[in-house]
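Let me begin by presenting the structure, written as structure tokens, before commenting on it.
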Amino acid sequence: MLPLQNFSASRATAADLVLDDDADADTIRAELQAGLLATPAFTAPKYLYDALGSKLFEAICLLPEYYPTRTEAAIFDANLAAIAQAVGLGATLIDLGAGNCAKAVRLFPALQPRQYVPIDISADFLAQALAPIRSRFPKIEMTGIGLDFSSSLDLPDTVSQEKRLFFYPGSSIGNFAPAQAEAFLRRIRAACGADGALLIGIDLIKEKAILDAAYDDALGVTAAFNLNLLHHLNRLLGANFEVRDWLHRAFYSPQQSRIEMHLEARRSLTVHWHGGQRYFAEGERIHTEDSYKYTAQSFIELLGAAGFGAIRKWTDERGWFAIMHAQAL
Ligand code: AVJ
């Protein structure tokens, strides 16, 4: 865990973004190398989000097959008054994985947060997104934070302790396996303070064909998002991955209630990087992401186990996606 003082020593960009300097290049290289040398090889999903990866994810959200963003937005639109009532005005809105901040900004008129704290690992992307939002909403105090929140939820002193609302939309919680999700929710619960709460989006279990298409779209945007990881690895590791040597694979596993995303070698090859190498047989894969799906009931139980209560739930007519508000107990 990162001590709070590190933030005072951290750099501030032109756009007033707090950068967490904790994740140094050596740590990142060691973590990536360990995953690439494992059998099967894997990388953490956060590495999908370099500047181009964040843009490709924005494009994914516009795809006809990718229903989560659209469905979640429709649930917010249809239930805005009830959600605003559950949340209350004047919250400290802490946006986990804010990206372009669009989801939170759409809630500003109804929620009227006192402070907005977007957090994203893709710091430059966040800084660029936040600049025009600051001038559009001059009355809302804004503190952008470039941070890998999967490893630390320690927030700088400038983030108010009062009425904290952790906003975790888009079913990003699905990147964690259920046991890790419970542990992460517990850490959010701990960071909530006395009167904190959570507003979270959860993708629900549905027909496999719909899930498969959402993660393997006809335009190939999700394939580009997945393959772009190789460019990012080349930069981070000094590796020589060739995008053309790899195939995008994504499919729903009903047994594990999760989408699995992989990169599959099209031929046998050896990848080299500074300080290491690995042989991949033809068809061998790098596991790049999991996206777990829940039933509403199973997620309510998870929230309860993590120390949340007074849970309220909103869904769409098809029951494809859910938004839940939960109070820290
Ligand atoms: C950002 C983790 C919610 O799992 O649906 C989209 C990421 N990966 N298409 C998801 C993603 C491939 C997305 N989350």
Side-chain angles (χ1 to χ4, degrees), residues 42-73 75-76 95-104 118-122 125-126 129 148-150 166-178 180-181 184-185 198-230 232 246-253 256-264 285-294 299 316 320-324:
F42 70 92
T43 52
K46 63 189 175 192
Y47 295 111
L48 293 163
Y49 300 93
D50 64 350
L52 178 54
S54 296
K55 290 218 153 86
L56 289 167
F57 180 68
E58 276 190 297
I60 286 174
C61 293
L62 302 173
L63 292 170
E65 296 96 330
Y66 194 72
Y67 62 84
T69 313
R70 200 170 302 115
T71 309
E72 184 181 52
I75 299 169
F76 271 117
D95 190 354
L96 300 176
N100 64 14
C101 307
K103 291 175 182 181
I119 304 178
D120 205 281
I121 191 168
S122 201
F125 184 82
L126 174 60
D148 171 14
F149 61 79
S150 69
F166 282 87
F167 182 48
Y168 200 26
S171 202
S172 293
I173 189 77
N175 274 164
F176 295 99
Q180 276 74 56
F184 183 63
L185 290 170
L198 171 68
L199 185 63
I200 186 166
I202 305 106
D203 197 13
L204 301 177
I205 293 170
K206 60 186 63 61
E207 199 185 312
K208 176 172 163 63
I210 295 160
L211 287 162
D212 285 345
Y215 290 83
D216 193 7
D217 60 285
L219 281 176
V221 179
T222 309
F225 172 69
N226 194 11
L227 288 161
N228 175 61
L229 170 72
L230 299 175
H232 197 197
W246 299 84
L247 285 171
H248 168 66
R249 295 281 187 218
F251 50 85
Y252 183 63
S253 162
Q256 312 208 65
S257 304
R258 72 184 192 194
I259 291 277
E260 292 183 16
M261 201 162 81
H262 305 261
L263 290 165
E264 184 180 301
R285 290 167 172 175
I286 305 171
H287 193 162
T288 58
E289 187 179 40
D290 286 321
S291 189
Y292 281 82
K293 311 303 173 188
Y294 289 89
F299 200 80
D316 56 297
W320 280 11
F321 201 92
I323 292 168
M324 295 189 196

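Each ligand, and each atom within it, is numbered from 1 in the order the structure gives.
- Residue P68 is tested with I60, D203, I202, L204 for a side chain to side chain contact (heavy atoms under 4.5 Å, CB included); the sole match is D203.
- Inclusion of K293 in the set of residues having an N or O under 3.5 Å from an N or O of ligand 1 is not warranted.
- The nearest heavy-atom contact from the protein to atom 11 (C) of ligand 1 is E289 OE1, 3.6 Å.
- Applying the 4.0 Å criterion to heavy atoms of N175 picks out, from ligand 1, the atoms 2 (C).
- Tested against N175, the residues Q180, K46, E289 include a single side chain to side chain donor-acceptor pair (under 3.5 Å) partner, E289.
- Judged by distance alone, with hydrogens and angles left aside, the side-chain atoms of E65 form a donor-acceptor pair with the main-chain N or O of A218 at under 3.5 Å.
- In Y292, neither the side chain nor the backbone holds a heavy atom less than 4.0 Å from any atom of ligand 1.
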When you look at L48 and M261, which way does the side-chain contact (heavy atoms from CB on, under 4.5 Å) test go after all the steps? CA-CA 11 Å; L48 293 163; M261 201 162 81; 3.9 Å; yes
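- Using a 4.0 Å cut-off to heavy atoms of S171, the atoms of ligand 1 that qualify are 3 (C).
- Residue-level proximity to ligand 1 for S172 is carried by backbone and side chain together, each with a heavy atom below 4.0 angstrom.
- A donor-acceptor contact closer than 3.5 angstrom links the side chains of Y67 and K206.
- Distances shorter than 4.0 angstrom do not occur between any heavy atom of G174 and any atom of ligand 1.
- Checking T288 against N226 by side-chain atom types alone, a donor-acceptor pair falls below 3.5 Å.
- Interface atoms of ligand 1 facing S291, defined by a heavy-atom separation under 4.0 Å, are 4 (O), 5 (O), 10 (C).
- Classified by interplanar angle (parallel below 30°, tilted 30° to 60°, perpendicular above 60°), the ring pair F251/H262 is parallel.
- In summary, the atoms of ligand 1 found under 4.0 Å from a heavy atom of F225, numbered by their order in the structure, are 8 (N), 12 (C).
- Using bins of under 30°, 30° to 60° and over 60° for the plane-to-plane angle, the ring pair F176/F184 lands in the parallel bin.
- Under a 4.0 Å criterion applied to the non-hydrogen atoms of G170, ligand 1 contributes the atoms 3 (C).
- Taking a cut-off of under 4.0 Å to the non-hydrogen atoms of Y49, the atoms of ligand 1 that pass are 1 (C), 7 (C).
- When only interatomic distances are considered, the shortest N/O to N/O separation between Y66 and ligand 1 falls below 3.5 Å.
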